[in-house]
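From a predicted model like this one, the values you see are computed outputs, not experimental measurements.
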Amino acid sequence: MAQYGAQRNPASWVSHITAAVVSQPVIRDPAVVERTNLLNMAKLSIKGLIESALSFGRTLDTDYPPLQQFFVVMEHCLKHGLKVRKSFLSFNKSIWGPLEIVEKLCPEAEEIAASVRDLPGLRTPLGRARAWLRLSMMQKKLADYLRCLILRRDLLSEYYENHAVMMEEEGTVIVGLLVGLNVIDANLCVKGEDLDSQVGVIDFSIYLKSEEDDTSREGRNVHISAILDQKNYVEELNRQLNGTVNSLHTRIDTMEKSNTKLIEELAIAKNHIIKLQEENHQLRNENAMILMRAHQQLQATKASLEAEQSYRHSRLALGEIYNEPCSQHHEDSEMGHDAESELAPMEMQHEIELAMNLLEKDIHEKQDTLYGLKEQLENVKAIKNEMYQKMQHSEEDTDNKDVADRLGEKTNQCTAMKHLEHRDKDLIYKTRSITMSYIQSAGSECAPQYKLIKDISF
């Protein structure tokens, strides 16, 4: 009856069905669970590696346990969903196949792939893949290489199943987590290490938490914060030093440019100095030539002055010579007048003879004097011609004018000499006339004397 009542009551029937559904567990896809587990393990491994490396404070080597566990986790992530390739002899299931594609997608990975192929002692593809992961870790390019690989899922589909980590979003998250490993410096010895026979087993004891671990983690965090502060300080100091170095480089460049300009200006100044020295030397030579010409002109002027002085002395001497006969003639005339007045007509003849003798003597002396004056006049003319030739070779116009004036003066002096000669001729003529008057006054007795005077006249 109770069972029948329960069957007839709809509310109780619905409640029974709901309880049955709730009591059943939710069934999840095993591939999703595997991907989630691998993602969580990758997070724990990467986080623990970064924290332990920063607390360690120096370059990591191959024997460091967290680093070894990181490579084991990465190996499991890359093996998840890997397709099995059949061959004639055996089945091939290795992660080296997809890693070889990286060198085609990223040219920077060619060097790593070539180094892995050349390493001695690597016999299996798995060993080459492990060596490739370690070399990429040392280069801090692991995240970049795997990102290039994940972006080409069309190529990965040849090696992985559709539910593999590398084909889903978990692979992208893991690659993003790998970027944090760039702060770690690792020095891994790949050559000589047995990478073919290593067993990849995850040690979960490293990631189990305890109170001691929390305490040590807090101290580690404090230490890490201090290290980060020091790192920031060093980076800021390095930035300031880089700025100082850049400013110094800029100043050095400006100094080099200014030094180059100064060197060019110095070269120009040296060329200018050389030109000025050449001009100075040329001017000195011209000055020496001018001094030489001036000295020559001075010597010529001195010679002309000496000739002029000699001409003046000769002129004064000729004047004195001329004045003496005139004075003597004047005295003779006075003496003749006195004799005429005092002497008697009987004594006139004797006096006339004496006067004639004196006049004849005087005439001969004057004739000799005139010959001497003619010779001096010819000498003066020769000096004049020499001075005129010298003046033709002279370069200064003012000196030419002075010499021309002097020559004019000398010409005037020559003209005066000619006048003196004419005056002498006039004096002789007057003497003849006086003599004739004396003869006429003496009468017929003086006829022979008159004849004598005519014979000696010139």
Could you walk me through whether Glu168 and His163 satisfy the side-chain hydrogen bond (donor to acceptor under 3.5 Å, both in side chains) test, starting with their C-alpha distance in whole Å, then the side-chain angles of each, then the deciding distance to 0.1 Å, before giving a yes or no? CA-CA 7 Å; Glu168 296 293 337; His163 64 274; over 6 Å; no

How many angstroms lie between CD in Glu265 and CD1 in Ile268, if you round to the nearest 0.5 Å? 7.0 Å

Atom CG in Leu188, atom CZ in Arg130: separation rounded to 0.5 Å? 14.5 Å

Look at the aromatic rings of Tyr145 and Trp132 and report parallel, tilted or perpendicular, splitting at 30° and 60°. tilted

Does the Lys NZ or Arg CZ of Arg134 fall within the cation-pi geometry relative to Phe71 - under 6.0 Å from the ring centre and within 45° of the axis? yes

Could you walk me through whether Thr124 and Trp96 pass side-chain contact (heavy atoms from CB on, under 4.5 Å), step by step? CA-CA 9 Å; Thr124 62; Trp96 176 240; over 6 Å; no

Can a donor-acceptor pair be found, under 3.5 Å and without considering hydrogens, that links the side chain of Asn242 to the backbone of Asn238? yes

May I ask you to check whether over 12 heavy atoms, not counting those of Asn162, lie within 6.0 Å of atom CG? no

For Thr172 versus Ile150, what's the shortest heavy-atom pair and its separation? OG1-CG2, 3.9 Å

Would you call Lys43 and Leu39 a side-chain contact if the rule is heavy atoms closer than 4.5 Å? yes

Within the side chain of Lys83, is there an N or O that forms a donor-acceptor pair under 3.5 Å with the backbone of Ser157? yes

Using side-chain contact (heavy atoms from CB on, under 4.5 Å), reason through Val165 and Glu34 one step at a time and then give a plain yes or no. CA-CA 9 Å; Val165 173; Glu34 290 178 359; over 6 Å; no

Give me the one residue out of Val73, Ile95, Leu149 that meets side-chain contact (heavy atoms from CB on, under 4.5 Å) with Leu78. Ile95

Please check this pair: side chain of Asn182 against backbone of Val179, looking for a donor-acceptor N/O pair closer than 3.5 Å. yes

Looking at side-chain heavy atoms only, is the closest gap between Leu276 and Asn280 below 4.5 Å? no

Chi angles and distances behind the salt bridge (charged side-chain N to carboxylate O under 4.0 Å, His left out) call for Glu236, Arg239: CA-CA 5 Å; Glu236 183 65 24; Arg239 192 179 300 109; 2.3 Å; yes

Would you compute the distance between atom NZ of Lys141 and atom CZ of Arg147 and round it to the nearest 0.5 angstrom? 10.5 Å

Side chains of Glu111 and Leu135 in contact at under 4.5 Å (non-hydrogen atoms): no

Smallest heavy-atom separation, His80 atom then Ala164 atom, equals O-CB, 3.2 Å

Are Glu308 and Arg312 ion-paired here, with the side-chain N under 4.0 Å from a carboxylate O? yes

Is there a side-chain contact between Phe70 and Met137 in this structure, where contact means two heavy atoms from C-beta onward sitting under 4.5 Å apart? yes

Is atom CD of Glu108 surrounded by more than 12 heavy atoms (other residues, nucleotides or ligands) closer than 6.0 Å? no

Considering all heavy atoms of both residues, which atom of Ala42 and which atom of Ile174 are nearest to each other, and what is their separation? CB-CG1, 4.0 Å

Below 4.5 Å, heavy atoms only, C-beta onward: do Leu38 and Glu170 meet side chain to side chain? no

Looking only at non-hydrogen atoms, find the nearest pair between Ala131 and Leu122 and report the distance. CB-CD1, 4.0 Å

Side chains of His364 and Thr369: closer than 4.5 Å at any heavy-atom pair? no

Min side-chain heavy-atom separation Glu110-Lys104 under 4.5 Å: no

With side-chain contact (heavy atoms from CB on, under 4.5 Å) as the criterion, how do Thr260 and Lys257 come out once you've worked through the C-alpha distance, each side chain's angles and the decisive distance to 0.1 Å? CA-CA 5 Å; Thr260 304; Lys257 291 179 181 178; 5.6 Å; no

Ala307 and Ile383: which non-hydrogen atoms are nearest, and at how many Å? CB-CG2, 3.6 Å

Distance from Leu156 atom CG to Leu151 atom CG, nearest 0.5 Å? 9.5 Å

Say you draw a straight line from CG of Leu133 to CD of Glu75; how long is it, rounded to the nearest 0.5 Å? 8.0 Å

Sequence neighbours left out, what passes side chain to side chain donor-acceptor pair (under 3.5 Å) with His295? Give chain and number order. Gln299

For Ser136, which of Ile112, Leu99, Leu146, Val102 qualifies under side-chain contact (heavy atoms from CB on, under 4.5 Å)? Ile112

Looking only at non-hydrogen atoms, find the nearest pair between Leu82 and Pro98 and report the distance. CD1-CG, 4.4 Å

Looking at Met255, is its backbone amide N or carbonyl O close enough to the side chain of Asn259 to form a donor-acceptor pair, meaning the two atoms are under 3.5 Å apart? no

Min side-chain heavy-atom separation Met167-Tyr160 under 4.5 Å: yes

Measuring from atom CD of Glu158 to atom CZ of Arg152, what distance do you get when rounded to the nearest 0.5 angstrom? 10.5 Å

After noting the C-alpha distance and the side-chain angles of Leu105 and Leu155, does the key distance pass the side-chain contact (heavy atoms from CB on, under 4.5 Å) rule? CA-CA 10 Å; Leu105 301 176; Leu155 297 176; 4.0 Å; yes

